[in-house]
Novice: 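Take this structure, written in structure tokens, and hold onto it; I'll ask about it next.
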Amino acid sequence: MRAAEPPWRAALCSHIDPTAPPQSCSFFWSLMSTDDTTSVVQGTFLLEPGTSNAVVYQGFGFNMALANPIIICQGAPS
């Protein structure tokens with residue numbers, strides 16, 4: 001019986017200036033799954049002003065990260 005894998009979490013993001021506009025963000029992360037296949041998880045999210053330590057991605061069923069997550073944020077269009 002295999003022990004339960006811990007959840008994998010990508011970097012925490014913060015946008016601590018409450019007066020700044022929201023930021024539109026995308027992330028990509030290459031992970032090795034428990035069945036030894038490579039999986040790239042990706043997504044987008046809106047980072048609101050004043051947000052601190054937002055978890056970008058959390059998932060189960062992975063053994064290890066193959067690379068550091070890539071997170072790109074830019075000011076959201078008005």
Novice: List in chain and number order the residues that pass disulfide (SG to SG under 2.5 Å) with C13, two or more places apart in sequence or in another chain; answer none if no residue qualifies.
Specialist: none

Novice: List the atom of S14, the atom of S52, and the distance in Å for their closest heavy-atom pair.
Specialist: OG-CA, 3.6 Å

Novice: Is there a side-chain contact between D36 and N63, using heavy atoms and a 4.5 Å cut-off?
Specialist: yes

Novice: Heavy-atom distance under 4.5 Å between the side chains of M64 and L31, does that happen here?
Specialist: no

Novice: Under a single-linkage definition using a 4.5 Å side-chain heavy-atom cutoff for Ile, Leu, Val, Met, Phe, Trp and Tyr, are Y57 and F28 assigned to the same hydrophobic cluster?
Specialist: no

Novice: Nearest heavy-atom pair of T51 and A54: which atoms, and what distance?
Specialist: CG2-CB, 3.7 Å

Novice: Would you mind reporting whether T38 and S30 have side-chain heavy atoms less than 4.5 Å apart?
Specialist: yes

Novice: Partners of S33 by side chain to side chain donor-acceptor pair (under 3.5 Å), sequence neighbours excluded?
Specialist: D35, T37

Novice: Hey, are the side chains of T19 and P49 touching, using non-hydrogen atoms and a 4.5 Å cut-off?
Specialist: no

Novice: For a quick test of reading the model, state the closest non-hydrogen atom pair linking H15 to P21 and the distance between them.
Specialist: NE2-O, 2.7 Å

Novice: Just by modelled atom types, is the S26 backbone N or O under 3.5 Å from a matching donor or acceptor in the T44 side chain?
Specialist: no

Novice: For residues W29 and V56, determine if any side-chain heavy atom of one lies less than 4.5 Å from a side-chain heavy atom of the other.
Specialist: no

Novice: Starting at CD1 of I72, measure out to SG of C25 and round the result to the nearest 0.5 Å.
Specialist: 9.5 Å

